[in-house]
Number of protein chains: 2
Amino acid sequence: MRIAEAALRSGLSVDTIRYYEKSGTVPEIRRGPDRQRRFSQENIDWLTLLYWLRETGMPMKTMHRFASLYQVGDSTICERKQVLMAHAEHLKKRRADLDRCEQLLAHKLAIYKDIEG
Amino acid sequence: MRIAEAALRSGLSVDTIRYYEKSGTVPEIRRGPDRQRRFSQENIDWLTLLYWLRETGMPMKTMHRFASLYQVGDSTICERKQVLMAHAEHLKKRRADLDRCEQLLAHKLAIYKDIEG
DNA sequence: GCCTTGACCTGGAGTTGCTCCAGCTTGGTA
DNA sequence: TACCAAGCTGGAGCAACTCCAGGTCAAGGC
């Protein structure tokens, strides 16, 4: 699979995929005889995970660390688990933020209603 | 009130407050005879709103537009309402993203459990 | 056989939204 | 009067993309 399809499937843009590869956040993307990238299903799964981690606020540094651990092998599973669990905690915080903002918006909108009469 | 306290109350950093003022995203912050900023309660409310809008992903451009509308006066309330309602919609999308990511994390963590035995 | 087209490549500049820093002013305390 | 904390400005630095110029390569049309 080529980069255009990889982008469609993972949710990332073509440029972002190249950027992630360059910065070492994606393990081993093979190249064809034409020097162009060929994505395996494993690559797509990885990129998709990165997409969601990034979308929900994980910093590049952490993603990079996670990728390094992945490349070492099974001996790092415990550490990787900790990274993901920490991110799950982070999601809770984000959800609370959304709740808080939603309340604030409802409050503001109610005020506007009063002014308009 | 001075900038340090304004930062504490709004959630923004001192630098970010200055940055927002410079880029025209905060209406009229008064200055004392020492040329230092003095924040009114209205300022704090505004900065707090900005904090939550930004925290939940509203781009600077939109916040800036919202600020411009605010400075025109009550005649723009309808438009401002639309900005906030659009953002409320955006919050729903974010919540769906969090759900999706949470599922993915749960799935990955389950796989790790299997590997570890 | 040559030309065009389209997908991909690289290196590097540009953008957004902060964040940090040097060097200066000012008001309050010892 | 000397010093210190808190604030000021302009500008550099940074994260995470995003866009662009200029080039390669394979396939299809004439």
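In the text below, chain A, chain B and the rest are named by the order of the sequence lines, each starting its count at 1.
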So the side-chain hydrogen bond (donor to acceptor under 3.5 Å, both in side chains) pairs with at least one residue in residues 59-71 of chain A (sequence neighbours excluded) are E42(A)-Y70(A)

Is there a side-chain contact between H87(A) and L91(A) in this structure, where contact means two heavy atoms from C-beta onward sitting under 4.5 Å apart? yes

The residue, K61(B) or E5(A), whose nearest nucleotide of DNA chain C is more 5′ is E5(A)

Min and max contacting nt of DNA chain D in 5' to 3' order, chain B heavy atoms within under 4.0 angstrom, are dG7(D) to dT9(D)

Verify side-chain contact (heavy atoms from CB on, under 4.5 Å) between T25(A) and Y19(A), making sure each step is shown before the conclusion. CA-CA 9 Å; T25(A) 312; Y19(A) 168 67; over 6 Å; no

Return a table of donor-acceptor pairs under 3.5 angstrom between the side chains of residues 73-80 of chain A and protein atoms on other chains or two or more places apart.
| unit_1 | atom_1 | unit_2 | atom_2 | d |
| --- | --- | --- | --- | --- |
| T76(A) | OG1 | L69(A) | O | 2.7 |
| T76(A) | OG1 | G73(A) | O | 2.8 |
| T76(A) | OG1 | R80(A) | NE | 3.1 |
| T76(A) | OG1 | R80(A) | NH2 | 3.3 |
| R80(A) | NH2 | G73(A) | O | 3.0 |

Within residues 21-47 of chain A, those residues having any heavy atom closer than 4.0 Å to DNA chain D are none

Looking across every strand, which nucleic acid part, if any, lies under 4.0 Å from R2(B) by heavy atom: base, sugar-phosphate, or nothing?
sugar-phosphate

Between W46(A) and F39(A), does the ring-ring contact (aromatic ring centres under 6.0 Å, His included) criterion hold? Intermediate values first, please. CA-CA 10 Å; W46(A) 185 264; F39(A) 295 79; over 10 Å; no

Determine, step by step, whether D97(B) and K92(B) satisfy the salt bridge (charged side-chain N to carboxylate O under 4.0 Å, His left out) criterion, reporting the C-alpha distance in whole Å, the side-chain angles of both residues, the deciding distance to 0.1 Å, and the verdict. CA-CA 9 Å; D97(B) 285 352; K92(B) 282 190 196 166; over 6 Å; no

Per nearest nucleotide of DNA chain C, the residue lying toward the 5' end, Y19(B) or D15(B), is Y19(B)

| Any L47(B) side-chain heavy atom under 4.5 Å of I17(B) side chain | yes

DNA chain C: first to last nucleotide in contact with chain A (atom under 4.0 angstrom from a heavy atom), 5' to 3', is dC8(C) to dT10(C)

Between the CZ atom in R30(B) and the CZ atom in R37(B), the distance rounded to the nearest 0.5 Å is 13.0 Å

Please check if the number of heavy atoms outside M85(B) that lie under 6.0 Å from its CE is greater than 12. no

Applying salt bridge (charged side-chain N to carboxylate O under 4.0 Å, His left out) to K108(B) and not counting sequence neighbours gives none

Discussion item. Using a heavy-atom cut-off of 4.0 Å across all strands, would you classify R18(B) as base, sugar-phosphate, or nothing?
Written reply: base

